[in-house]
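All of these numbers come straight from a predicted model, not from anything done at the bench.
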Amino acid sequence: MSTTTAPDPVAEPEATSRSVDLAITGMTCASCSARIERNLGKIDGVEATVNLATERATVSHPADLPVDELIKTVEASGYGATVIERESRLTAPTHTPIARADLQRRAAAAGGLAFVVLVLAMGPWESAASPWLQWLLTTPVVGWAAWPFHKAAYSAARHLQSTMDTLVSLGVSAAYLWSTVTLLTGAGVDGHYYFETAAVITAFLLIGRWLEARTKDEGRSALTELMDLGSKGVAVQRIDSRSRATTEVVLPLEELQVGDHFIVRPGEKVATDGRVVDGSSAIDTSLVTGESVPVDVRSGDRLDAGTVNTSGRLVVEATAVGADTTYAQIVRLVEQAQIGKADVQRLADRVSSYFVPAVLGLALLTFVGWWIGSGSATTALGVAVTVLIIACPCALGLATPMALLVGTSRGAQRGVLIKGAQVLEDTRRVDTLVLDKTGTITTGVAQVTDLAASPGLHPAAVLTAAAAVESGSEHPIARAIVRRAQDKGIKVPAIRDFEALPGAGAVATIKDTRVTVGRADLFDEVPAELATLERPGTTVFVGWDGVARGALTVADEIRETSGDAIRALRAEGLQVWLLSGDNEHNATTIAAQVGIDPEHVVADVRPQDKHDVIAELQEQGRVVAMVGDGVNDAAAIVKADLGMAMGTGTDVAMESADIVLVHADLESVPRAITLSRETLQVIKQNLGWAFGYNILAIPLAMAGLLNPMIAGAAMALSSILVVLNSLRLRRAISD
């Protein structure tokens, strides 16, 4: 691992090319991200990937091309761009917050006013004041609530571009202005006004946009959560230049340098990658390896940033800082895996990049053709407005959010939380399921799983002696042994002359007997019946007079539902893999107990390895779902085609995942896959109807066979059908 920092945010994969990450602002739909990619791609030697969900772009460019030129190109496309510094991503989020509260206010206001306008327009009553009241109520909807659509349409128009917002803005404005002119000129007497069309379109689309924004905002905070896990300050040893005395100085983490000696006290996080130079302790490595049983360390052992010191005081020499640490590598892996993540909602916006200009052109041709054919500009304008109204993508805008809302609500009732539509793209094709061991297949809580005693000695006596000695230790394994004795109702005897043996065990006197608890090499003799036992987990021996009298295994137990769930998944044709940071013996033993083939077990893996294993499976053409629960799983979860996290796991794993399984059992996995596939199917049906409706209705409108009233009714019907189809998901996954 490199021991130097790279202050330049631009990395150099080759001598002639560089890569830079840009934070993008102003994007509202995937046609925006496609436009940025397209415009950047026009520059010789430049390749860009723009991620709408994370509001970021990764751009590969020639080394002699200034980054400022890339930023100017993005700005010329109508958006904002800033360079994401390599170091800054470890301390602050890189995305621009979404104004969810503003969208919510606009959606609520538009919904309430639109309902009243709809009642006034569709009710059986007639009143001369009704049209004026409709106009009064619709004006703030079109002018204020729909302002985000108008603003985005104007921004696109300034750069001679169009988006879905363009069609929404024109459709809403056309319906409103047509009705206003009709009202002011008196041409609408005994006729129909279309204020409700403008109001309802705005309300529906704002609700859809707000739901989309909320989902996106909740689903992309993995990096922020990950950054919060890092240490913020560090106590560094310094030698006073005058007294030559060693003192401790608390510094911000960013001021720590390679070679510095820093202090890690019990309960503190290790600030950066380093090597122990003094002291011994047990390190909780679950943040990095995912394993629940802490690892004993002493002078010379390596530590990773983000791990936690559980007991003794350590002096550590920094071997890597900032962006070069293992912790920082996990952050970068999550970021890189997020780039190019599939997003089913992009389908509608991608098609709209062609659909919107085509509709605008058709409306213009319709106006010209009817003006020439009929000789009446008024007639021509009416037909052209009908084209715009009937083509306004209300159903298109609702297709994904409505299905997602119903599907996620049903999932929440059954303990399955789906983050957003983008997670559903590949679920129907998932053929490989990769499972983390600790906290996923197992409970993730260290506890005594096995107890053995030499012939003639009762196991309870072994547990009593071990718990007595370990009562003087703060080591997690010791606490697990004491907890087991307490659960069994054993009265732990008093001890004296306790002595900790760092990295090996502990010794104490019980009455007049000196009892040892720890590794096998602490004893002169370990009986064969104890030495040959093979158990998954960490085994400690208990004895006195130099002879081991018993053995206890501390590990985490398999969840009761794991075996049945894995066998059910295999019966569905899924290939199940086990990926674990634990040793091979423990991993294969656990795999055998739950029905996973030994050739599908990968042990002794670190976070980078987990990410790479997922990538290798994908390169083989497999569609991979990953289930995990720890920070160490975050990069692999995001890299997978479908990432799932146990709800009892770390916040980072849950935020990185596409799907969170609230209940702590693997039975939720097939439930989640079923719901995801059905939700994706409904979304595609909705999109198919929405596009099909426009394809069929637009020619009828151009032929003059429809009028704005029929267009408004047809558009409302298309939206109702989308909603009703989405409601079918309430029956998904039975109770």
Quiz item: Take atom CD in Glu560; do more than 12 heavy atoms of anything else shown fall under 6.0 Å from it?
Solution: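 It does not: Glu560 CD has 12 such atoms or fewer within range.
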
Quiz item: Do other residues, nucleotides or ligands put more than 12 heavy atoms under 6.0 Å from Glu584 CD?
Solution: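 No, because the 6.0 Å sphere around CD of Glu584 holds 12 heavy atoms or fewer from other groups.
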
Minimum side-chain heavy-atom gap [X]-[Y] below 4.5 Å:
| X | Y | result |
| --- | --- | --- |
| Asp436 | Lys610 | yes |
| Leu666 | Val594 | no |
| Thr516 | Phe523 | yes |
| Val554 | Val448 | yes |
| Glu572 | Pro670 | no |
| Ser280 | Asp296 | no |
| Gln447 | Glu557 | yes |

Donor-acceptor pair, side chain of [X] and main chain of [Y], under 3.5 angstrom:
| X | Y | result |
| --- | --- | --- |
| Arg549 | Ala461 | no |
| Asn309 | Gly312 | yes |
| Arg275 | Gly300 | no |
| Thr440 | Lys437 | no |
| Gln575 | His600 | no |
| Asp564 | Thr561 | no |
| Asp641 | Val624 | yes |

Exercise. Run the numbers on Ile441 and Ile566 for side chain to side chain contact (heavy atoms under 4.5 Å, CB included), then give the verdict.
Key: CA-CA 9 Å; Ile441 294 178; Ile566 290 172; 4.2 Å; yes

Self-check item: Residues Phe262, Val270; criterion side chain to side chain contact (heavy atoms under 4.5 Å, CB included); working and verdict
Solution: CA-CA 9 Å; Phe262 62 94; Val270 178; 4.3 Å; yes

Approximate separation, where rounding is to 0.5 Å, of [X] [atom1] and [Y] [atom2]:
| X | Y | atom1 | atom2 | result |
| --- | --- | --- | --- | --- |
| Ile283 | Thr307 | CD1 | OG1 | 5.5 Å |
| Leu579 | Asp604 | CG | CG | 11.0 Å |
| Lys639 | Ile637 | NZ | CD1 | 14.5 Å |
| His458 | Leu451 | NE2 | CG | 9.5 Å |
| Ile673 | Leu642 | CD1 | CG | 6.5 Å |
| Ile596 | Ser562 | CD1 | OG | 9.0 Å |

Might you point out which heavy atoms bring [X] and [Y] nearest each other, and give the distance in Å?
| X | Y | answer |
| --- | --- | --- |
| Ala635 | His611 | O-CD2, 3.8 Å |
| Ala548 | Pro527 | O-CD, 3.2 Å |
| Ile481 | Leu463 | O-CD1, 4.0 Å |
| Ala551 | Thr539 | CB-CG2, 4.1 Å |
| Ser454 | Leu530 | OG-CD1, 3.7 Å |
| Val601 | Ala587 | CG1-CB, 3.9 Å |

Quiz item: Using 4.0 Å as the upper bound for N to carboxylate O, is an ion pair formed by Arg238 and Glu255?
Solution: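 Arg238 and Glu255: not salt-bridged.
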
Self-check item: SB check Glu470 Arg484 (cutoff 4.0 Å)
Solution: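 No.
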
Listing, residues 495-512 side-chain donor-acceptor contacts under 3.5 Å, not counting sequence neighbours, or none:
{"residue": "Arg496", "atom": "NH2", "partner": "Lys511", "partner atom": "O", "Å": "2.8"}
{"residue": "Thr509", "atom": "OG1", "partner": "Arg514", "partner atom": "NH1", "Å": "2.9"}

Self-check item: Val321 and Gln257: CA distance, side-chain angles, deciding distance, side chain to side chain contact (heavy atoms under 4.5 Å, CB included) verdict
Solution: CA-CA 6 Å; Val321 296; Gln257 299 180 0; 5.7 Å; no

Quiz prompt | Working for side chain to side chain contact (heavy atoms under 4.5 Å, CB included), residues Val669 and Leu569 | solution = CA-CA 8 Å; Val669 175; Leu569 289 165; 4.1 Å; yes

Quiz item: So which of Val297, Val295, Thr272, Asp273 actually passes side-chain contact (heavy atoms from CB on, under 4.5 Å) with Leu303?
Solution: Val297

